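One structure below.
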Amino acid sequence: MIKVNRVSPPSRLTGCKTIELTHQYAVDKSKSVWNKPYIRERLLEMSHDKCIYCESKLEEDSYLRVDHFYCREHYEEKVALWHNLLPACEKCNGKKSSLNVAIEPIIDPTNQNPSDHLSLVNCVLFGKDSLGRNTQKVLQLSRRFGETWWKISKAIHDKVDVLESKAHRVSKSKLVSDQEDFSSSVLGLFEMTSPKEPFSAVAATAIVQDRRTIFIVDALKGMGCWTDDHQALYNNIKAVALV
Ligand SMILES: [Zn+2]
């Protein structure tokens with residue numbers, strides 16, 4: 001789970017339209033008034049086609065569930081309110097169900113930074129506080145994704161392994177072509193944590209928790225090959241890592 005910036009509402013979801021849709025729902029509760037293509041598209045755009053909670057890729061639009069952070073069962077006045085709508089996968093949406101988040105709060109990644117409340121240790125998610133603990137309890141992310149997270153972490157550690165050897169070799173050879181290759185390989189590792197990638201928080205956590213990362217970063221800096229792109233990606237990695 002990563003912090004996601006709430007984008008502006010779709011242009012068609014004006015204040016008047018929100019009131020109209022809310023009224024339609026009040027009259028007929030069987031109407032999914034929020035399930036409009038323009039709302040779904042904007043939500044997917046906001047999360048890079050990922051579930052806002054678990055970060056799994058919503059490969060096709062049909063996998064998207066429009067989640068009401070404040071559930072429609074208790075807060076029907078918020079059913080079409082843009083700031084209450086989140087893109088979620090079927091499982092996360094189902095786990096959350098009609099949970100009343102005013103009584104049992106969980107993380108809203110558009111409002112809170114998940115890394116302030118969650119930590120990932122050996123592919124098990126822990127809450128740092130009651131908000132984090134309740135989020136894990138409700139969404140059951142460790143149980144659902146432990147194996148996937150382990151595979152991602154292993155892929156990261158394998159890449160770090162290769163880069164560590166490369167750093168030793170390039171430091172000795174001092175060849176510009178080797179340094180350039182090393183530089184782009186480090187960039188490749190960092191790009192695995194792009195917000196567009198599924199489970200990017202897990203990849204970022206694995207990079208931060210691998211002590212060899214510091215050696216690789218220092219080696220690249222020592223060669224004078226550390227660029228603004230490296231720095232920007234590294235800053236993001238440290239910001240989203242669940243440590
Ligand atoms: Zn999900």
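Keep in mind that what you see is a predicted model, and the values were worked out from it rather than measured. One-based numbering, in listed order, for ligands and for the atoms of each. All residue numbers refer to positions in the sequence shown, counting from 1.
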Under 4.5 Å between side-chain heavy atoms, counting indirect links through other Ile/Leu/Val/Met/Phe/Trp/Tyr residues: same cluster for Ile39 and Tyr75 or not?
yes
Pairs touching residues 193-207 that satisfy salt bridge (Lys or Arg N to Asp or Glu O under 4.0 Å), sequence neighbours left out
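Non-adjacent pairs meeting salt bridge (Lys or Arg N to Asp or Glu O under 4.0 Å): zero.
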Are Asp158 and Lys154 ion-paired here, with the side-chain N under 4.0 Å from a carboxylate O?
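Looking at Asp158 and Lys154, the cut-off is met.
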Carboxylate-amine/guanidinium proximity below 4.0 Å for Asp116 and Lys128:
no
Taking the six-membered ring where the residue is Trp, are the ring centres of His168 and Phe182 under 6.0 Å apart?
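Distance test on ring centres: not under 6.0 Å, no.
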Please report the C-alpha distance between Arg212 and Asp161 in whole Å, then the side-chain angles of each, then the deciding distance to 0.1 Å, and finally whether the salt bridge (charged side-chain N to carboxylate O under 4.0 Å, His left out) criterion is met.
CA-CA 8 Å; Arg212 297 168 299 178; Asp161 209 30; 2.8 Å; yes
Identify which protein N/O/S atoms are less than 2.8 Å from the Zn ion (ligand 1).
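Listed by chain and number: Cys51 SG, Cys54 SG, Cys89 SG, Cys92 SG.
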